[in-house]
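Small disclaimer: the values here were computed from a predicted structure and weren't measured. In what follows, every chain begins at residue 1, and chains take the letters A, B, ... in the order their sequences are listed.
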Protein chains: 2
Amino acid sequence: MDTEVARARALDAAEELFYGRGIQSVGMDDIRGTSGVSLKRLYQLFPAKEQLVEAYLQRRDERWRQRLAEYVDRHTDPVERLLAVFEWLRESCAEPGFRGCAWINSYGELGATSPRVLAQVRAHKQAFKAYLAGLVGDAGLPAPLGDQLFLLAEGAMVTAGMEASPAPADQARRAAELLLAAHRWRETDRETADPGRAAGCGDAGVRRR
Amino acid sequence: MDTEVARARALDAAEELFYGRGIQSVGMDDIRGTSGVSLKRLYQLFPAKEQLVEAYLQRRDERWRQRLAEYVDRHTDPVERLLAVFEWLRESCAEPGFRGCAWINSYGELGATSPRVLAQVRAHKQAFKAYLAGLVGDAGLPAPLGDQLFLLAEGAMVTAGMEASPAPADQARRAAELLLAAHRWRETDRETADPGRAAGCGDAGVRRR
DNA sequence: CGACCGAGAGAACCGGCGTTCTCTACGGTA
DNA sequence: TACCGTAGAGAACGCCGGTTCTCTCGGTCG
């Protein structure tokens with residue numbers, strides 16, 4: 001068996017088992033059983049379990065972001081591209097075996113004890129946040145919206161996993177639409193009716209009833 | 001040592017260690033060392049580690065929701081009570097040793113293998129969501145806002161843990177204000193200018209540019 | 001054809017951990 | 001004082017899992 005094939009099978013098994021059961025609940029022998037790659041080969045490819053975990057998270061990150069980008073690229077309108085993120089999320093959450101965000105789960109389990117895992121988690125979240133920020137910028141919307149949409153997406157993935165339902169992704173999408181509209185209204189308000197308040201980007205415009 | 005005291009010390013140690021390091025990374029001997037409660041006593045109080053975990057999550061849930069309610073009860077205005085949730089979240093996230101949401105972390109680690117843990121996690125999230133729904137109802141705001149604020153809060157806790165910063169709680173608070181305003185405007189629009197669209201609660205009012 | 005290299009299967013090693021057991025000491029009681 | 005139940009300290013037990021080693025076998029090259 002080719003080295004590349006063995007590596008791919010090992011990572012396939014790692015993804016299936018680590019994501020489905022949690023990392024510490026899966027032994028290297030389980031990886032061997034599922035992948036068909038012998039222990040000897042496994043340890044040639046990955047000198048320790050931690051590095052298999054790292055490689056699993058990294059490959060999943062690449063694929064995850066690529067699939068997201070492909071889905072988003074089916075749209076050209078900048079606002080539709082933003083909302084497409086939540087549609088894609090909804091599809092992801094509805095897949096069988098969905099169990100929340102792989103990186104958040106890994107963080108809860110190993111974030112405190114494995115610096116390599118922690119680095120992978122942070123890198124993934126940072127990349128996702130940067131991607132959202134790019135979409136927000138392309139739509140000519142203010143940067144804080146990117147962070148807010150990021151929080152909605154995180155909450156949706158976590159909650160969809162725990163409730164075993166894609167409904168949170170729909171709720172997040174509706175919230176995203178409202179936030180979009182709110183930011184746009186605020187921008188136009190600022191330009192036309194009330195330019196003096198442009199500096200304070202806080203809650204001044206919201207509190208009044 | 002009194003039984004109640006031993007139980008409390010065991011749970012104190014469990015909370016400190018399980019939350020700080022993850023559950024599977026902490027052995028019963030660590031609990032003993034930190035709590036000063038002998039192994040024999042520990043197993044009299046909790047027949048197995050899983051039940052200590054369960055009790056830890058349950059007691060933390062009670063305290064967590066009580067502290068939240070106390071913070072919220074310092075306000076009387078219904079809208080301020082809603083926003084107080086995010087202020088309290090911000091304070092929680094800023095505490096030293098904050099490492100995200102204990103229940104989300106536990107879900108990632110044991111949700112797939114321990115039904116008792118899974119039940120605790122779901123119960124806690126359901127209770128928090130119900131509490132938010134109550135606040136939203138008290139403010140006379142539409143129910144979907146409760147779910148949306150819930151997602152923001154979840155995202156904020158998770159992200160604050162990973163980034164080791166309370167900033168996400170601030171971002172969530174601003175998003176909450178915008179969502180509140182959006183829902184209110186939509187309500188007034190519906191009553192005054194455009195009652196015919198009241199039935200469709202979807203995105204019709206947002207898409208138009 | 002024979003020596004060698006690499007790979008796979010599985011045992012072996014070693015430490016860790018959940019759980020139980022033993023031993024000792026102590027405090028209360030007749 | 002003698003007895004007894006209890007609690008704590010720590011060892012012991014069994015199992016599991018990460019990692020390494022051994023043995024065997026098939027293919028390759030001189």
**Prompt:** For the pair made of CD in Gln24(A) and C1' in dC17(C), what is the distance, rounded to whole Å?
**Reply:** 12 Å
**Asked** Rounded to the Å, how far apart are Leu17(B) CG and dC17(C) P?
**Response** 12 Å
**Item:** Qualifying residue, where the test is ring-ring contact (aromatic ring centres under 6.0 Å, His included) with Tyr56(A) and the options are Trp64(A), Tyr19(A), Phe46(A), Phe18(A)
**Value:** Phe18(A)
**Asked** Side-chain donor or acceptor of Lys49(B) under 3.5 Å from a matching atom on the base of dG18(C)?
**Response** no
**Prompt:** Any idea which of dG8(C), dA9(D), dA11(D) is nearest the Ser38(B) side chain?
**Reply:** dA9(D)
**Request:** Provide, to the nearest angstrom, the distance between the CD1 atom belonging to Ile31(B) and the P atom belonging to dT19(C).
**Result:** 12 Å
**Asked** Considering only dA7(C), dA7(D), dG18(C), which nucleotide approaches the side chain of Met28(B) most closely?
**Response** dG18(C)
**Asked** Rounded to whole angstrom units, what separation is found between the CG atom of Asp29(A) and the C1' atom of dT20(D)?
**Response** 14 Å
**Request:** Return the value, rounded to whole Å, for the distance between atom CG of Leu39(B) and atom P of dT20(C).
**Result:** 11 Å
**Message:** Just the rounded figure in Å: distance from P of dG10(C) to CZ of Arg32(A).
**Reply:** 7 Å
**Request:** With DNA chain C as reference, determine whether Ala48(B) or Lys40(A) sits nearer its 5' end, using the nearest nucleotide of each.
**Result:** Lys40(A)
**Item:** Leu42(A) CG - dG10(C) P separation (whole Å)
**Value:** 15 Å
**Prompt:** Got a sec: does the CD of Gln126(B) have more than 12 other heavy atoms crowding it under 6.0 Å?
**Reply:** no
**Request:** State whether Tyr131(B) and Arg65(B) meet the cation-pi test: NZ (Lys) or CZ (Arg) under 6.0 Å from the six-membered ring centroid, and within 45° of the perpendicular axis.
**Result:** no
**Prompt:** What's the OH-P distance between Tyr43(B) and dC17(C), to the nearest Å?
**Reply:** 12 Å
**Request:** Answer yes if the side chains of Glu50(B) and Ser114(B) hold a donor-acceptor pair under 3.5 Å, and no otherwise.
**Result:** yes
